[in-house]
There are 2 protein chains.
Amino acid sequence: MKEGPDIALVAASFGEPARANMLLALMSGMALTATELAREAGVTPATASGHLSKLDAAGLTLCEKQGRHRFYRLADPDVAHAVEALVTVAARVGHMRTRPGPRDEAMRHARSCYDHLAGHLAVDLFARWSKAGVLKSLDDRVDLTERGYGVLADRGIDLTQLAKSRRPLCRRCIDWSERRHHLGGGIGAAVLSLALANGWAQRKDKSRVVSFTPPGEKAFVEWYSI
Amino acid sequence: MKEGPDIALVAASFGEPARANMLLALMSGMALTATELAREAGVTPATASGHLSKLDAAGLTLCEKQGRHRFYRLADPDVAHAVEALVTVAARVGHMRTRPGPRDEAMRHARSCYDHLAGHLAVDLFARWSKAGVLKSLDDRVDLTERGYGVLADRGIDLTQLAKSRRPLCRRCIDWSERRHHLGGGIGAAVLSLALANGWAQRKDKSRVVSFTPPGEKAFVEWYSI
DNA sequence: TTCATAATTCGCTCGTGACCAAAGTATTTA
DNA sequence: TAAATACTTTGGTCACGAGCGAATTATGAA
């Protein structure tokens, strides 16, 4: 007997409908919460929690805790590659499953994450501000640079009022649709309310979707560009 | 709910230690018998039979019946690719299994398959004779061409005596080590006995291994070359 | 023919694991 | 502070399937 990779353990992790559905849902690259994955898999949150523990233990997923949410994503490209290979075989053989429909495309464009702006605009903003030296990332923390204070003041964000709040001024927040970090915390909330106040965007009913008007999007991008 | 590939069904086929061991054993490309796979997997033939039915049903393996043997091999490169992807993930995560040692290298070089010659020399012979028009393949059948009769007569194979035997004159036979077809049937047996009679090769004890002496191998290749 | 080997099918036991409801923990909101 | 939400843990049921031995079928060898 010799040593070799234990393919069975890994394959068994894929080989259960609930877990397979979760992994396929994660193939979009989005980080999903435990509850969302439960819905995708068609099981209760309790069952999903057990499955997610197994996936984590098997090293197939990574979990990022964020407030009362836990965002799961595929551990690395190798895992995604394995899923793809299995999909290829399954498709060739003709085995099909029922699968939840595609996500609402509008949700991918711009969302509000609780009370701050998310979506690809928010990700872009975060990336630009990081690059421009407005924000400074350190591990999980994100802080405003000195220059950042000035930049925000110029753009009508009242920092003195924000500082009084107990919530952290800056925080990274995984974006659902873009799966990259964007700006949460007090500034994120302030940016969103500013965009809403200026009429650049508006909430749709009670959903989390935030729609920018075409001129509003243009104005917003101009606003946050350095 | 929409249609999609059922990855779970395929993955579950991999996700059982016995089946995983079988598939890994087949990754060498060799076609293995049910009993051999049972030994590889560490289960009884009865259990192995059930697993092999499942693998066949899942489209992961193909089975070729041959006498009282059933040779199994991976269905196609996609399956091998999926196994590789799973191995990659398993290895990265560090999950290891116990695995049977490598096969006897001597067995790969030349074997006798019941009573006819197998191994890479036999495969080479089969390929050359096919190319030279001595043999003509049609589906599973292999027949001697008219020219083939002459070629064999020149080389000391008595066809009239062979024709009296009930067994088919020519038959393809999967080679274990080379996984390609070689020549079975009466001619295959005759070739082997000729090689043994000429002292080019000899059986080792009661095993199926046939060893060619270096000059014997040379003479044998010369003999079957057109 | 009779015997041996390869493989399958059958009947059965037993362990694993998927599942849910309910209770518990943590975190945010009000 | 209390209430709501997200998630986990616990306890329990239940079904699937892996495993084996024995009997059966099929093929090859003597």
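Reminder, nothing fancy here: chain letters follow the sequence lines and each chain counts from 1. Hydrogens, waters and symmetry mates play no part in the numbers below; they use all other heavy atoms, side chains included.
Atom CZ in B/Arg39 sits 9.0 Å away from atom CG in B/Leu32 (nearest 0.5 Å). For the atom pair B/Leu62 CG and B/Arg73 CZ, the distance stands at 5.0 Å (nearest 0.5 Å).
Partners of B/Ser13 according to the side-chain hydrogen bond (donor to acceptor under 3.5 Å, both in side chains) rule, which considers only residues two or more places apart in sequence or in another chain, do not exist here. Partners of B/Asp56 by side-chain hydrogen bond (donor to acceptor under 3.5 Å, both in side chains), not counting sequence neighbours, listed by chain and number: B/Thr61. Applying the side-chain hydrogen bond (donor to acceptor under 3.5 Å, both in side chains) rule to B/Ser53 yields no partners; only residues at least two apart in sequence or on another chain are considered. Shown here are the side chain to side chain contact (heavy atoms under 4.5 Å, CB included) partners of A/Ala11, two or more places apart in sequence or in another chain: B/Phe14, B/Leu86.
Regarding contacts with the backbone of C/dT27, a side-chain N or O of A/Lys65 is found under 4.0 angstrom from either OP1 or OP2. Listed pair B/Thr44 / D/dC20 meets the phosphate criterion, a side-chain N or O lying under 4.0 Å from OP1 or OP2.
Residue B/Ala46 is in base contact, counting any heavy-atom pair closer than 4.0 Å across all strands shown.
Between D/dC20, C/dT8, D/dT27, one nucleotide has an atom nearer to the side chain of B/Arg70 than all others, and that is C/dT8.
Between A/Phe220 and A/Trp200, the angle of the ring planes lies from 30° to 60°, which puts this pair in the tilted group.
The distance from atom CG of A/Leu52 to atom C1' of D/dA6 is 13 Å, rounded to the nearest whole Å. For the pair B/Leu37 CG and C/dA6 P, the computed distance is 14 Å after rounding to whole Å. Rounded to an integer number of Å, the gap from B/Arg68 CZ to D/dA29 C1' is 7 Å. Rounded to an integer number of Å, the gap from CZ of B/Arg39 to C1' of D/dG19 is 19 Å.
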Could you pull out the protein-nucleic contacts involving nucleotides 12-18 of chain D (nitrogen or oxygen on both sides, under 3.5 Å)?
from   : atom 1 : to      : atom 2 : distance (Å)
D/dA18 : OP1    : B/Arg19 : NH2    : 3.2
D/dA18 : OP2    : B/Arg19 : NH1    : 3.3
D/dA18 : OP2    : B/Lys54 : NZ     : 2.8
D/dA18 : O3'    : B/Glu16 : OE2    : 3.3

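A/Val43 is not listed as a side-chain neighbour of A/Asn21, based on a closest heavy-atom distance of 4.5 Å or more.
Looking at A/Arg19, its side chain never comes within 3.5 Å of a backbone N or O of B/Ala8 through a donor-acceptor pair.
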Reading DNA chain D 5' to 3', what string of ( ), [ ], | and . shows its pairs, if Watson-Crick and G-U wobble pairs count only when both distances fall under 3.5 Å?
||||||||||||||||||||||||||||||

